[in-house]
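Small disclaimer: the values here were computed from a predicted structure and weren't measured.
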Amino acid sequence: MLNPFSLFDLPVQFSLDSSLLSERYLALQKSLHPDNFVTHSVQEQRLAMQKSAEINDALQVLKDPILRAEAIIQYHTNKEQDIEKKSTNDVAFLMQQMEWRERLEEIELTKDENELSIFSSEIENIQHSTLMQLENELNAQQWSQALSTTDRLRFIKKLLQEIEQVEEKLFDY
């Protein structure tokens with residue numbers, strides 16, 4: 001994929017101006033709208049559709065802090081990450097993951113809505129502080145630490161989705 005930052009003419013940095021991103025996205029999509037290519041050749045129409053798909057993909061990367069961070073790291077290191085082959089060497093975080101999963105299972109078993117709310121808030125706070133840590137690591141060009149932090153954020157994001165699923169089950173009763 002092309003550099004999503006250059007596609008939107010944005011600086012390669014973690015913090016983004018979301019309104020500027022939206023503005024540039026709309027302008028790019030408007031310029032590639034199929035109505036603009038009605039009189040063009042089939043190949044030009046196909047190229048416009050491909051470019052539109054690239055813009056949509058780039059937007060998804062820029063809107064997701066984990067994908068955005070990985071794009072920044074790839075931009076600076078020229079190394080593409082294979083998420084499937086990653087394994088964490090952070091034993092302390094692996095233990096933390098197990099504790100969180102056990103806690104969520106216990107909450108689900110006991111159907112304790114109050115405890116679920118507390119747990120969800122704790123994980124959201126951890127996510128927020130981890131995002132701040134990631135931004136600091138990226139600004140300091142600490143690429144390997146930032147990659148490790150993106151791994152933690154990926155787990156936290158998944159855990160928050162699982163918390164939401166438990167929440168839905170509890171409130172369906």
Side-chain angles (χ1 to χ4, degrees), residues 1 3-5 7-8 10-25 55-77 79-173:
M1 176 197 275
N3 175 353
F5 295 94
L7 197 57
F8 284 88
L10 295 169
V12 180
Q13 63 187 31
F14 189 69
S15 61
L16 283 180
D17 179 341
S18 57
S19 62
L20 182 60
L21 176 62
S22 294
E23 178 183 306
R24 297 220 171 125
Y25 171 75
I55 290 166
N56 287 333
D57 291 344
L59 179 69
Q60 296 313 309
V61 167
L62 293 174
K63 286 174 69 176
D64 183 312
I66 296 168
L67 297 177
R68 184 169 64 243
E70 289 174 340
I72 292 168
I73 295 165
Q74 181 180 345
Y75 175 82
H76 287 286
T77 65
K79 293 180 188 173
E80 196 163 334
Q81 300 301 312
D82 186 352
I83 297 164
E84 300 302 317
K85 292 183 179 177
K86 281 188 175 184
S87 66
T88 184
N89 295 325
D90 187 346
V91 177
F93 188 67
L94 287 172
M95 296 301 291
Q96 180 65 68
Q97 290 177 36
M98 289 173 48
E99 287 176 28
W100 284 337
R101 290 216 184 278
E102 288 171 6
R103 185 170 171 196
L104 184 57
E105 284 177 26
E106 180 65 26
I107 291 168
E108 186 173 15
L109 285 172
T110 60
K111 298 177 173 61
D112 189 337
E113 294 173 12
N114 186 49
E115 184 60 27
L116 182 63
S117 178
I118 293 168
F119 183 53
S120 180
S121 292
E122 288 174 12
I123 300 302
E124 287 170 359
N125 288 336
I126 291 167
Q127 180 186 42
H128 178 73
S129 64
T130 307
L131 281 167
M132 290 173 45
Q133 175 187 343
L134 176 60
E135 184 170 11
N136 290 335
E137 291 166 349
L138 291 170
N139 289 340
Q141 299 184 3
Q142 298 170 330
W143 310 127
S144 61
Q145 294 95 318
L147 270 177
S148 179
T149 302
T150 61
D151 290 343
R152 287 195 300 276
L153 279 167
R154 191 171 273 106
F155 174 82
I156 291 168
K157 180 179 180 179
K158 186 176 181 198
L159 180 62
L160 284 168
Q161 291 168 343
E162 291 170 10
I163 289 170
E164 196 173 293
Q165 290 170 352
V166 170
E167 193 173 61
E168 288 172 8
K169 286 181 192 175
L170 291 182
F171 291 119
D172 280 347
Y173 282 86

Closest approach of [X] to [Y] (non-hydrogen atoms, all atoms of both residues):
X	Y	answer
Leu159	Arg101	CD1-NH1, 4.4 Å
Pro4	Val61	CG-CG1, 3.8 Å
Pro11	Phe5	O-CD2, 3.2 Å
Gln13	Arg68	O-CD, 4.4 Å
Phe14	Pro65	CE1-O, 3.3 Å
Glu137	Ala146	OE1-CA, 3.2 Å

Working to the nearest 0.5 Å, report the span between [atom1] of [X] and [atom2] of [Y].
X	Y	atom1	atom2	answer
Glu108	Leu170	CD	CG	7.0 Å
Leu116	Arg103	CG	CZ	9.5 Å
Ser18	Glu23	OG	CD	11.5 Å
Gln97	Glu99	CD	CD	11.0 Å
Asp151	Glu70	CG	CD	7.5 Å
Ile107	Ile163	CD1	CD1	7.5 Å

Taking C-beta and beyond as the side chain, do [X] and [Y] meet within less than 4.5 Å on heavy atoms?
X	Y	value
Ile126	Trp100	yes
Lys63	Leu21	yes
Leu134	Thr130	no
Leu59	Phe8	yes
Gln145	Gln133	no
Glu164	Glu168	yes
Leu104	Glu162	yes
Leu153	Lys157	no

task: Check the pair Gln127 / Leu160 against side chain to side chain contact (heavy atoms under 4.5 Å, CB included), numbers first and verdict last.
output: CA-CA 9 Å; Gln127 180 186 42; Leu160 284 168; 3.3 Å; yes
Arg152: partners by side-chain hydrogen bond (donor to acceptor under 3.5 Å, both in side chains), with sequence neighbours left out: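 For Arg152, the residues satisfying side-chain hydrogen bond (donor to acceptor under 3.5 Å, both in side chains) (neighbours in sequence not counted) are Ser148, Thr149.
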task: List for me each residue that meets side-chain hydrogen bond (donor to acceptor under 3.5 Å, both in side chains) alongside Asp112, sequence neighbours excluded, and say none if there are none.
output: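 side-chain hydrogen bond (donor to acceptor under 3.5 Å, both in side chains) list for Asp112, sorted by chain: empty.
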message: Looking at Thr150 and Leu147, would you say the former's side chain and the latter's main chain have a donor-acceptor pair under 3.5 Å?
response: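 Yes: the side chain of Thr150 pairs with the backbone of Leu147.
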- prompt: What pairs meet the ring-ring contact (aromatic ring centres under 6.0 Å, His included) rule with one or both residues in residues 141-163, with sequence neighbours excluded?
  reply: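 Pairs touching residues 141-163 that pass the test: His76-Trp143, Phe93-Phe155.
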